[in-house]
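Everything below concerns the one structure shown next.
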Amino acid sequence: MDVVYIVGIVAFCGLCLALAAGCEKLRARAPGGRP
Amino acid sequence: MTTNDIFQTAIFIVVLIALAIPVGRYMTAVLDGSSVLVRIGRPIENLLYKIAGVDAEAEMSWKRYAVAVMLFSAVGALAVYALLRLQNVLPFNPQGFSPMTPDAAFDTAVSFVTNTNWQDYGGESTLGYLVQMVGLTVQNFMSAATGIAVVVALIRGFARHTAKTIGNFWVDLTRITLYILAPLSIIVAALFMGQGVIQNLKPYQDVSTLQVTTYQAPKTDAQGNAVKDAKGNPVMQDVKVDKQTIAMGPVASQEAIKMLGTNGGGFFNANSAHPYENPTPLANFIQLVVMLLIPAALCVMFGRMVGDKRQGYAVLAAMTIAFAVACWGEISAEQAGNPVFTSLHVDQSASDLQSGGNMEGKEVRFGIAQSGIFTVATTAASCGAVNNMHDSLTPMGGFVPMLLIQLGEVIFGGVGSGLYGMLVFALLAVFVAGLMIGRTPEYVGKKIESFEMKMVSIAILLTPFLVLVGTSIGVLSPLGTAGIANPGPHGFSEILYAFSSAANNNGSAFGGLSVNTPFYNVLLAIAMWFGRFGTIVPVLAIAGSLANKKRLAATAGTLPTHGALFVVLLLGTLVLVGALTYVPALALGPVVEHLMMISGH
């Protein structure tokens, strides 16, 4: 079971990093929406 | 509220604000490097950077800052998990405690790294001294420092212009720990020890009781199974008790950072109701002040760092007003007591001989006022320490702390998280005002545009999503309802409170819910982690975006954000968002329970 929970912590961290990457993409988007 | 209640609340607020101003000034000096202490400690600081391989001069973009926060927290969680699972082979475990179960260790590791300190265990019956000190106390420092670092990065976003960076996380973390949290913790721990909080590494002490107590308990056989008579009833036997085991430990050192860092995780299960954690009314008052000191001081620091002290005082004023109103609501509800008892001729009035009101679950040495202020402070902040049992509050007395948590703990709030949460609401308030007057919203000289509002939306909507979805799963699943001790609206409140507390990183609980199960341990850990870091990421994104913008000079058309009008607007936005999000859920819990109570059920 320990492995499951350790992977869980790593996955939590990964998801938040993915959120950061998503926010960065949102910032790079041109004003006015999709071309 | 009695005169005594009003007096105690007023004294507390005055002392808090009086101390917050100099501490705020000192914190500003630490963060900009001008403090004498920073200059003295520079060699130690540089040595730490050298050991860790940190380039202190290298500034970070918001994304690098966020990656550093995430990796640091994940490593912290893994370290605490390992300590909890291996404590049986580690030293300083005089009671020989076994390792925590994997799900409980997972929940506890996430809990302490996210500054929540939700505890599904009794500290004195579960954890050895090494785990308490190296695992939990260290995370109390680190999670608090992380929260402050994030708000400092956000403030830099306001203060800088056309900049690509928002500071260096490792430098911020080191300075906050070394020059703010550590020195203050030493002072506070000494004050606590002076009041009788224990600090030792002794094994637990067996002492003879003053009188022998005899009670009946079911008789068990050699295998531990209950012995039954011919009719199948358990056979009872007399048990005599003439000894009591008193838990020991390094309490004062953990207690200091528990309050200063708005962590809230108690050394003992009873938390700040335990006489070794919070022995006297003076110790209780110190705990109260210390709990809100850094969050209040951060407002002062905000004003000074952005170059307009009035901005900080406006936010501080909004927090103080909301806090005073919450104290009034909480203490009034508890002082009023239970009308059913009044009809039974139970005297619930305050007098020289009793506090009056609802004293169930409260310590006589603290009374209604000190318990009520503590309840408000611990839920206005993200502390979660308790000196009275929240499950025993009157329905409206329970409504107030639950709402304070659900508002995002921005009324003073957690160290760092309170102010960045309030600044997110300030951005929303100026956006709403901008819509009303038809101008592009500005705050502290920065234009608030679509990207910032998208990030504000994520930060504000994520925790209600976690709370409401988590509560729904809890009440719809048999695994969730199995933990309820009081079925009905109070049971619903227990689950709602648990998810509100976890997702907003508070850590206090309505004690009636049995949460040490894999179901709650995993669900609440998810709520705690994403409630914390799912908010930090968009806040840092806002910081990065603001830092990149020019600072605009105030014109005649700029909405002033340092006056009474803005304070009202900010409070209105806060209450409106909170009310719209949570009123339906609150109506099913504490509101129904209150109506049942006044109708005599």
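Just so you know, these numbers use all the heavy atoms, side chains as well, and skip hydrogens, waters and symmetry mates. To find a chain, count down the sequence lines: A is the first, B the second, and so on, and within it residues start at 1.
Neither the backbone nor the side chain of B:I536 comes within contact range of chain A; no heavy atoms are under 4.5 Å apart. Contact annotation for B:V522: only side-chain heavy atoms (C-beta onward) come within less than 4.5 Å of a heavy atom of chain A. B:M455 touches chain A through its side chain: at least one heavy atom from C-beta onward sits under 4.5 Å away, while N, CA, C and O do not. Neither the backbone nor the side chain of B:S450 comes within contact range of chain A, judged by heavy atoms closer than 4.5 Å. Both the backbone and the side chain of B:F533 come within less than 4.5 Å of a heavy atom of chain A. With a 4.5 angstrom heavy-atom cutoff, B:D107 does not touch chain A via any of its atoms.
B:R156 meets the salt bridge (charged side-chain N to carboxylate O under 4.0 Å, His left out) test with B:D172; sequence neighbours excluded. B:R551 is linked by a salt bridge (charged side-chain N to carboxylate O under 4.0 Å, His left out) to nothing, counting only residues two or more places apart in sequence or in another chain.
Listed options B:V69, B:L540, B:I526, B:V110 were ranked by heavy-atom pairs under 4.5 angstrom with chain A; first place goes to B:I526. Per-residue heavy-atom pair counts under 4.5 Å with chain A were compared for B:L71, B:V75, B:I458, B:D103, and the maximum is reached by B:D103. With respect to chain B, the highest number of heavy-atom pairs below 4.5 Å among A:A21, A:G8, A:A20 belongs to A:A20.
Aromatic ring centroids of B:F530 and A:F12 lie under 6.0 Å apart.
Aromatic ring orientation, B:Y81 versus A:Y5: tilted (interplanar angle from 30° to 60°).
For the pair B:Q87/B:L130, no side-chain contact is recorded, criterion being any heavy-atom separation below 4.5 Å from C-beta on.
Salt bridge status for B:K446 with B:E452: absent, with no side-chain N to carboxylate O gap under 4.0 Å.
The two residues B:M142 and B:L173 come nearest to each other via the heavy atoms O-CD1, 4.2 Å.
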